[in-house]
Amino acid sequence: MTQQTVDHSPVVLDIAGIELDADDRRRLAHPLTGGLILFARNWRDRSQLTALTAEIKSIRPDMLVCVDHEGGRVQRFRSDGFTELPPMRALGELWMKDAMAATDAATATGFVLGAELRACGVDLSFTPVLDLDHGGSSVIGDRAFHRDARVVTVLAKSLMHGLLLAGMANCGKHFPGHGHVKADSHVAVPVDKRSLKAILADDARPYEWLSTCLSSVMPAHVVYPKVDAMPAGFSARWLRHILRGDLGFQGAVFSDDLSMEGAKVAGSTLDGAIAALQAGCDMVLLCNQSLDGGAAVDALLDGLLAARQASTWQPDPDSEARRLDLLPTVPPMPWDELMHQPAYQHALERLP
């Protein structure tokens, strides 16, 4: 299909290995590609990662290079100098002993996390997790700060302050809350049967209280049947009416991975992408589909382009600006300089 300039680049895709091949370069140059998400399989060492992100930027300078790098069990880069960060529950546990020390430790965690990634050319980590620790979710578990929405909000804001000091935006997830359901949306379609009033009074409170400082949000692949029959990431009621309208959120909205089981209710990957974009997502993620040659990635890119040209999908006029707002505005500090920076060394000492 003939590629043409379009006014929105909503697709976040991945690559299979530690360097780009011809298909990766072609997909990154596609006008609908606006982001790339990295995984542990894309990591060998810092020099390789830095060269990889530099090549990505050489193809598309405004490409948003992302990673799931939260700390604890969700941390993609752990060797060659990267600090092994604690799970967020450690900050919640510290809060119970010394709340003010916990806020400082959270800021230190965000700064170390962001500065190390930025030094290697990564623009955004999908953090912090704002889900509440209800105790029954295996997929959330110790990724959550605490059960109390107030504690989660303060610790997340402190962590986001550290990211900001490192020149990195943030992404709160998984709106309006994944912590109450036991099922894992990677392999199932979780259902949360609580009322809208109950959810807004508890799990969704961090999104309300952080509305002025959240850069981006990722909705949950969870169905809340008393609110909408579709998962939150495919629901205009959740995204346009509640998140943006009632809670006043101004930033970017990412879909969670469209290849997850929780997204299958929307139909094919292309159907899911269009449904998510029409519901209010600005960007859609398709992960781990480059591993078998990437046919699903090409089908999504070409299908979305055809839908755009046929006017069966119309981009939100504000979506591209929201994507671009997530890009760092200050050049990263090279790794060797970062290692000697007093603020970074101090932050390392303040980690929980």
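Keep in mind it's a predicted model, so treat the numbers as computed, not measured.
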Are [X] and [Y] close enough for a salt bridge, meaning some N to O gap below 4.0 Å?
X      : Y      : answer
Asp14  : Arg41  : yes
Asp192 : Lys226 : no
Asp62  : Arg323 : yes
Asp316 : Arg240 : yes
Arg237 : Asp246 : no
Lys173 : Asp131 : no
Arg44  : Asp80  : no
Arg26  : Asp298 : yes

Quick one: does [X]'s side chain get under 4.5 Å of [Y]'s, heavy atoms only?
X      : Y      : value
Asp123 : Cys66  : no
Gln75  : Glu70  : no
Phe77  : His69  : yes
Met333 : Arg118 : no
Leu338 : Gln345 : no
Trp335 : Glu116 : yes
Leu36  : Val12  : no
Ile15  : Leu20  : yes

key: side chain to side chain contact (heavy atoms under 4.5 Å, CB included) between Arg27 and Leu13, intermediate numbers included   = CA-CA 9 Å; Arg27 291 176 189 128; Leu13 45 76; 4.0 Å; yes
request  = Run the ring-centre check on Phe249 versus Tyr207 and record whether the distance is less than 6.0 Å.
outcome  = no
ask   = Can you check whether Tyr224 and Trp238 have ring centres sitting under 6.0 Å from each other?
value = yes
Just how far is it from atom [atom1] of [X] to atom [atom2] of [Y], taken to the nearest 0.5 Å?
X      : Y      : atom1 : atom2 : answer
Asp45  : Phe82  : CG    : CZ    : 10.5 Å
Ser215 : Met160 : OG    : CE    : 6.5 Å
Leu28  : Asp23  : CG    : CG    : 11.0 Å
Leu214 : Ser216 : CG    : OG    : 7.5 Å
Thr103 : Trp95  : OG1   : CH2   : 7.0 Å
Ser125 : Asp68  : OG    : CG    : 6.5 Å

Any side-chain donor near an acceptor of the partner, Arg60 and Ser9, under 3.5 Å = yes
query = Just checking, any donor-acceptor pair under 3.5 angstrom between side chains of Ser79 and Trp43?
reply = yes
message = Evaluate Asp142 against Arg73 for salt bridge (Lys or Arg N to Asp or Glu O under 4.0 Å), listing each step before the verdict.
response = CA-CA 9 Å; Asp142 64 1; Arg73 57 194 158 97; 3.1 Å; yes
inquiry  = If you count heavy atoms of other groups shown closer than 6.0 angstrom to CZ of Arg147, is the number above 12?
reply    = yes
ask   = What do you reckon, is CD of Gln314 surrounded by more than 12 foreign heavy atoms closer than 6.0 Å?
value = yes
ask   = Does Leu164 sit in a hydrophobic cluster with other residues, and if so which ones, taking ILVMFWY side chains as linked at heavy-atom separations under 4.5 Å, directly or through other members?
value = none
message = Classify the ring geometry of Phe234 against His221: parallel below 30°, tilted from 30° to 60°, perpendicular beyond 60°.
response = parallel
Whether Phe126 and Phe254 hold their rings parallel, tilted or perpendicular, with breakpoints at 30° and 60° = perpendicular
